[in-house]
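Only this structure's heavy atoms are used, side chains among them; waters, hydrogens and symmetry mates stay out.
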Amino acid sequence: MSSRSKHPHAESSPLSSTGPMAPGATRRGLLCGGMAALLPTGLLAACGGGDDGTPAPAPAPANPAMASRFAIAVLPDTQFYSRYATQAENSQFSRNFGSEPFMAQTFWAADNAKALNIPFLIHLGDVVDQVGKPDQWKVADQAMRVLETGKLPYSVLAGNHDVLNDQDYVDAGSQASGTDAQRTLANEPYLQWFPTSRAQRQATFGGRDPSGFHEWHVFTAEGQKFMVLSLSWRISDAGIAWARNVIATNPTLPVILVNHQLLNIDKDAKSPLETPYGLMLWEKLIRDNDQIFMTLNGHHHGAAHLTKTNNFGNAVEQMVVDYQMAYEGGNGLMRLYEFDLSNGSIDVLSFSPWVVNKPRATLTQFDQAVLTSANERFSIKIDFAKRFARFNTDFKAGATRRTSIVEEARTALLAGYTEPQVATPREPAGPDDYPKVASTVAHWRFVGGTAGQAIPSGQVIADEAGQNPLRRAALNSEPGVTSAQLGDLLWSTDRHRLSAAPGSAQFANTDKNAGRISYFLTDATAPINGMDFAATGYTVEAFVKIDKGWTKSVHAWMNIMTRDGKRGTVPGFTPPDNDAESTPLLFAVSSLREIQWEVVPAHAGDRAAQASWSGEIMADTWIHIAVVADPVAKQSTMYIEGAPVLRNSGDGSGMAPVSAAMPWIVGAGAWDGERTDGWIGNIGEIRIAATPLPPAQWLTARKA
């Protein structure tokens with residue numbers, strides 16, 4: 001068992017009060033936390049003993065504030081921390097902030113394990129973003145070694161970004177492909193960087209399955225033992241059988257089941273949504289294993305909590321948390337789960353040990369050290385003795401008495417720290433409730449027809465600025481488009497909650513492989529066609545929603561908007577990847593569902609395309625995108641839902657057209673002169689301004 005499993009007087013130990021600097025520095029983090037989402041209906045009532053043979057709950061302590069408590073630290077997806085700390089991505093964290101979030105998290109956990117009685121840490125997977133990039137694995141390796149040096153045991157698992165084949169689970173037939181059983185184990189980087197031999201060095205290690213992808217640990221806290229069973233991406237049926245056997249051979253242990261994917265979050269960003277893979281695990285592993293009382297997973301962006309009832313009438317608390325789409329790829333947010341064995345509760349805190357140690361001048365409204373909403377700070381009532389009575393009649397609270405761990409951690413974190421003011425966005429009061437901007441060049445709002453009806457060929461979409469209307473292109477009128485139908489482009493009332501436009505255009509049935517593409521384009525004489533924005537800079541905004549039916553094979557690299565022409569004809573263009581056939585502007589979605597903004601800059605002389613990239617965007621979710629290019633600051637920055645992305649071009653010198661004869665296209669792209677890469681989903685209003693605009697003048701703001 002871990003040497004840190006019990007600390008009878010942990011409450012008297014001082015918390016680490018300084019945060020980690022860049023790798024190798026000695027200053028260390030002070031913070032505590034845990035991130036989660038709570039549904040009010042998901043709370044469990046505490047249960048008393050009865051005549052059914054279950055034990056009565058332990059007597060309440062004389063002072064409820066003093067109780068038998070321990071905490072588990074949880075790291076949600078760290079993929080962007082690993083990626084953007086590398087030199088290949090310009091070492092963005094250390095360059096901009098002097099420290100790195102992944103290292104900050106593990107430093108904090110190791111430094112505060114004794115003081116906060118943290119016997120174990122759980123990693124939820126997606127250790128890296130790009131499985132084939134060794135430098136990303138090096139970042140993760142160094143961060144996790146901090147825990148090993150600090151003697152804080154941990155479990156780790158492979159997420160979909162950590163395996164060479166990341167196929168999703170669809171139905172029972174999916175078990176025949178994409179699982180651990182179909183992998184060439186010798187080729188998998190995860191098994192090379194986190195092999196069984198490394199896991200065996202953990203004091204809590206119990207074992208791994210034959211594939212090496214799934215592992216189990218047993219830690220001791222407050223005199224009681226718990227199992228953590230961590231299952232990597234896409235477990236096979238043989239792996240499930242192995243997991244069942246692990247539980248069966250440890251029949252008295254409460255089990256925390258950890259997966260990369262299990263529970264999802266619904267469109268309201270707080271309600272739980274079950275997944276096919278999670279339901280498969282429920283049927284094959286969870287529902288008839290009463291020892292599994294809690295599940296944790298990442299993968300799906302946000303946080304939610306679901307309470308389900310197993311075959312024995314007992315609650316299973318399921319929680320998902322993943323902050324990779326938040327500011328700075330997650331901003332160092334992590335979770336702390338406090339188990340109060342005396343008072344019967346699991347208390348959850350969301351926090352960032354990185355935020356409190358950023359230079360003050362770098363802080364923005366997105367820098368929250370402690371999250372306070374109901375989905376992020378909550379408590380679950382659970383009578384541990386009764387919940388575990390079927391398999392462990394001896395379970396009881398420990399003798400240690402200490403005050404709340406999460407409150408102690410929160411107080412220490414915020415000591416001497418003032419959070420920046422957080423703005424609460426206000427939804428529009430009507431279609432005119434947005435800031436008018438004098439530098440607007442074009443503003444297209446896709447409204448005017450009956451929801452669900454086809455947008456006619458040739459339909460004009462007015463330009464609110466007056467000079468650059470769009471028209472729906474005639475069906476199958478250009479090379480590359482062969483099977484478009486009128487009903488592939490529809491009026492819709494669906495919109496982003498902060499868009500004042502009362503609707504959007506819905507692009508349906510798109511298939512680039514079949515030439516089924518519908519789109520809009522500017523007139524040949526539109527003034528915007530020849531503009532390069534070199535002297536003024538620009539701001540481009542768009543509200544978009546990727547269709548839930550998006551698939552990589554038929555929709556990867558689909559375009560929100562482009563400018564026609566071959567970029568190779570722009571004077572001085574030097575293609576780095578032999579992509580001279582591409583257009584001078586790509587406002588697109590990659591094969592990984594990242595938003596791509598890539599332009600040929602307008603400055604004279606040699607020039608290569610400059611790009612900004614978001615992280616992975618969830619399908620069936622509205623997002624607002626703003627790209628702001630400032631020629632004075634000589635930088636271009638993309639914002640997703642108001643938060644700047646990690647990777648930006650650093651070049652704000654406009655965007656070069658091929659010629660004034662080439663139109664702008666909305667809903668499709670082009671390659672080598674042929675129309676391709678059509679959009680699937682919704683596009684709301686788009687606005688292009690010939691100045692770099694602050695957020696107070698974006699379409700998400702309200703008029704003065």
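- T86 and E89 are not linked by any side-chain donor-acceptor pair at a separation below 3.5 angstrom, with hydrogens and angles left out of the test.
- Judged purely by distance below 3.5 Å, without hydrogens or angles, the side chains of H299 and D126 never pair a donor atom with an acceptor atom.
- For K138, the salt bridge (Lys or Arg N to Asp or Glu O under 4.0 Å) test picks out D135, with sequence neighbours left out.
- For the residue pair S211 and D209, a side-chain donor N or O sits within less than 3.5 Å of a side-chain acceptor on the partner.
- Within the structure, ring pair (Phe, Tyr, Trp, His ring centres under 6.0 Å) contacts touching residues 152-171 (residues at least two apart or in different chains) are Y169-Y277.
- Checked against salt bridge (Lys or Arg N to Asp or Glu O under 4.0 Å), E148 has the following partners two or more places apart in sequence or in another chain: R145, R198.
- Salt-bridge formation is not detected for the pair E616/R83: no Lys NZ or Arg NE/NH1/NH2 atom is positioned less than 4.0 Å from an Asp or Glu carboxylate oxygen.
- Remark: side-chain polar atoms of E376 are not paired, donor with acceptor, to backbone N or O of L371 under 3.5 angstrom.
- The aromatic rings of H217 and F205 lie perpendicular to each other, with more than 60° between the two planes, well past the 30° mark.
- Under a 3.5 Å cut-off, the side chain of K512 and the backbone N or O of A556 do form a donor-acceptor pair.
- In terms of the side-chain contact (heavy atoms from CB on, under 4.5 Å) criterion, residue partners of I122 (sequence neighbours excluded) are, by chain and number, I72, V74, F120, L124, S155, V228, I256, V258, L296.
- Between F293 and the choices F395, F388, F312, the ring-ring contact (aromatic ring centres under 6.0 Å, His included) rule is met once, by F388.
- Legend: side-chain hydrogen bond (donor to acceptor under 3.5 Å, both in side chains) pairs involving residues 243-257, not counting sequence neighbours, sorted by first then second residue: R244-D288.
- Residues passing the salt bridge (Lys or Arg N to Asp or Glu O under 4.0 Å) test with D511, sequence neighbours excluded: none.
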